[in-house]
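What follows is a short report on a single structure.
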Amino acid sequence: MKTIGIISNNKRQKALEIARSVYDHFTGKGIKVLLPDEDKLSEKYLLPSVSGEVLSDKSEAIISVGGDGTFLRASKYSFKNEVPVLGINVGTLGFLTEVDTANISKAMDGLIEGSYHIEKRMLLEGRLFKSNKLINNTGLSDLALNEFTITRSMNEKVIKMEIIVNDISIKKFAADGIIIATPTGSTGYSLSAGGPVVEPGAETIIITPICPHTLFNRSIILSPDKLLEVRINSGNKRDILSVDGKSIPLEDLSEYVLKVTRSRKYLNLISFNPNAFFRVFKEKFIEGI
């Protein structure tokens, strides 16, 4: 491995310090390290940086130093070429950041030696339409590792929605919003809204309403080959569309349709423990009770 990208949590001093030590470790072994110019690491330590496009095109692996939120941001650089991503956890226990601070050196050497395996994580691809016309300038990624969400803004009314699968309308309801998640995203926002936990190696599309105004308050799980459409009818002045936590406001959501399918691309997650998900699940949801 000759070139590695590093993405760090810009708000935590500890994450920046660890990212710098990771940088020094690899450069000391003759490996080129790329830092995105929008991150604070290069600015803080006066290190060279590159554009996000260059990092995406040139990196053979990308390392995320932070929490699951930082990992989601790092994953966006990997989508184009399906570059493998390794998560170093700085903070609370996370499902995506497998390596803890005590095992960083071992993980870095394992990465150099190639003594790891790849977990392929399903991605969702989403397109937003208004009056049957594709909206290209949302500023959000078309791909989601965790989820697409549509939510109402504070003090606005509930949103009327219709779920359509393979051109068949299966449910109409009003709610505060909707979450369309991958198995990887099932332990995030979807879980908080009452959705199921799905093992990340599975390939499913998980639809979870947020505070629906209906007696039927259950998630719907689809096989990955289905075409999902969410038709939106909202008279609110402003609602919110989010992709993996990055959000934009949308005005007058009447006649909007969000179309979601499984992407042909995958997130290649670097792992040293094939049972890492179950270990974290046990610590978070069983031993943590």
Side-chain angles (χ1 to χ4, degrees), residues 3 5 7 52-64 68 71-87 95-96 116-129 132-150 163-168 170 178-190 195-196 198-208 219-231 241-246 248 256-271 274 277:
T3 307
I7 310 298
E53 184 177 358
V54 170
L55 187 145
S56 177
D57 287 338
K58 301 297 183 182
S59 297
E60 297 172 64
I62 295 173
I63 298 177
S64 164
D68 281 357
F71 189 98
L72 289 173
R73 187 163 58 85
S75 70
K76 302 305 180 186
Y77 296 98
S78 77
F79 290 161
K80 180 180 178 182
N81 298 309
E82 298 184 68
V83 179
V85 185
L86 171 66
F95 280 97
L96 293 171
Y116 58 86
H117 72 277
I118 294 292
E119 292 184 11
K120 301 193 81 66
R121 298 292 183 91
M122 171 184 166
L123 300 175
L124 291 176
E125 184 171 330
R127 297 285 190 273
L128 187 66
F129 293 80
N132 296 319
K133 294 182 180 179
L134 176 64
I135 300 175
N136 291 310
N137 58 346
T138 64
L140 298 178
S141 172
D142 293 333
L143 299 177
L145 173 60
N146 263 15
E147 76 273 303
F148 291 93
T149 67
I150 296 172
I163 296 175
I164 300 169
V165 179
N166 287 359
D167 296 324
I168 299 174
I170 64 171
I178 191 169
I179 304 164
I180 304 165
T182 65
T184 297
S186 71
T187 53
Y189 193 6
S190 178
V198 181
E199 195 274 318
E203 294 198 1
T204 58
I205 301 173
I206 306 156
I207 309 166
T208 302
S219 296
I220 300 171
I221 300 178
L222 305 178
S223 58
D225 60 329
K226 298 298 186 290
L227 170 61
L228 169 65
E229 298 181 42
V230 180
R231 294 189 180 276
L241 170 66
S242 300
V243 183
D244 285 346
K246 184 177 180 181
I248 61 166
Y256 274 88
V257 177
L258 178 63
K259 296 185 179 182
V260 179
T261 59
R262 174 180 58 178
S263 173
R264 294 182 180 179
K265 292 180 177 290
Y266 285 85
L267 184 284
N268 290 314
L269 176 68
I270 296 171
S271 178
F277 172 81

Return the [atom1] to [atom2] distance between [X] and [Y], rounded to the nearest 0.5 Å.
X	Y	atom1	atom2	result
Phe148	Leu128	CZ	CG	10.0 Å
Thr261	Glu229	OG1	CD	11.0 Å
Leu241	Thr149	CG	OG1	7.0 Å
Leu145	Leu124	CG	CG	9.0 Å
Ile163	Ile170	CD1	CD1	5.5 Å
Tyr266	Arg121	OH	CZ	12.5 Å

ask   = Does CD belonging to Glu53 count more than 12 external heavy atoms closer than 6.0 Å?
value = no
key: Neighbour count above 12 (heavy atom, 6.0 Å) for Asn132 CG   = no
ask   = Are Asp244 and Arg73 ion-paired here, with the side-chain N under 4.0 Å from a carboxylate O?
value =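 Not counted as a salt bridge, because no side-chain N and carboxylate O are separated by less than 4.0 Å.
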query = Hey, is Arg262 close enough to Glu203 for a salt bridge, meaning N to O under 4.0 Å?
reply = yes
Would you check if [X] and [Y] make a side-chain contact, meaning some heavy-atom pair closer than 4.5 Å?
X	Y	answer
Leu140	Ile248	yes
Asn268	Val85	no
Arg231	Ile164	yes
Glu82	Phe79	no
Ile205	Met122	yes

ask   = side chain to side chain contact (heavy atoms under 4.5 Å, CB included) with Leu228: which of Leu258, Ile207, Ile220?
value = Ile207
Grab the two heavy atoms, one from [X] and one from [Y], that are nearest each other, plus how far apart they are.
X	Y	result
Ile135	Phe129	CD1-C, 4.4 Å
Gly185	Glu147	O-OE1, 4.3 Å
Ala144	Val243	CB-CG1, 3.9 Å
Ser186	Pro183	OG-O, 2.7 Å
Ile206	Pro196	CG2-CD, 4.0 Å

When you measure from the side chain of [X] to the backbone of [Y], do you find a donor-acceptor pair of N or O atoms at a distance under 3.5 Å?
X	Y	answer
Ser64	Gly87	no
Asp142	Glu125	no
Asn166	Lys226	no
Lys265	Leu123	no
Thr182	Thr184	yes

request  = For the pair Thr3 and Ser59, evaluate side chain to side chain donor-acceptor pair (under 3.5 Å) and give the outcome as yes or no after the intermediate values.
outcome  = CA-CA 5 Å; Thr3 307; Ser59 297; over 6 Å; no
inquiry  = Quick check: Phe95 with Phe277 (ring centres under 6.0 Å apart)?
reply    =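 They qualify: ring centres under 6.0 Å apart.
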request  = Would you please test Leu55 and Ile7 for side chain to side chain contact (heavy atoms under 4.5 Å, CB included) and show each step?
outcome  = CA-CA 10 Å; Leu55 187 145; Ile7 310 298; 4.2 Å; yes
task = Any chance you could lay out the side chain to side chain contact (heavy atoms under 4.5 Å, CB included) test for Leu267 and Ser78, step after step, and finish with the verdict?
result = CA-CA 7 Å; Leu267 184 284; Ser78 77; 3.3 Å; yes
task = Please lay out, stage by stage, how Ile178 and Thr208 fare under the test side chain to side chain contact (heavy atoms under 4.5 Å, CB included).
result = CA-CA 6 Å; Ile178 191 169; Thr208 302; over 6 Å; no
request  = Begin from the C-alpha positions of Thr204 and Leu222 and carry the test side chain to side chain contact (heavy atoms under 4.5 Å, CB included) through to its verdict.
outcome  = CA-CA 6 Å; Thr204 58; Leu222 305 178; over 6 Å; no
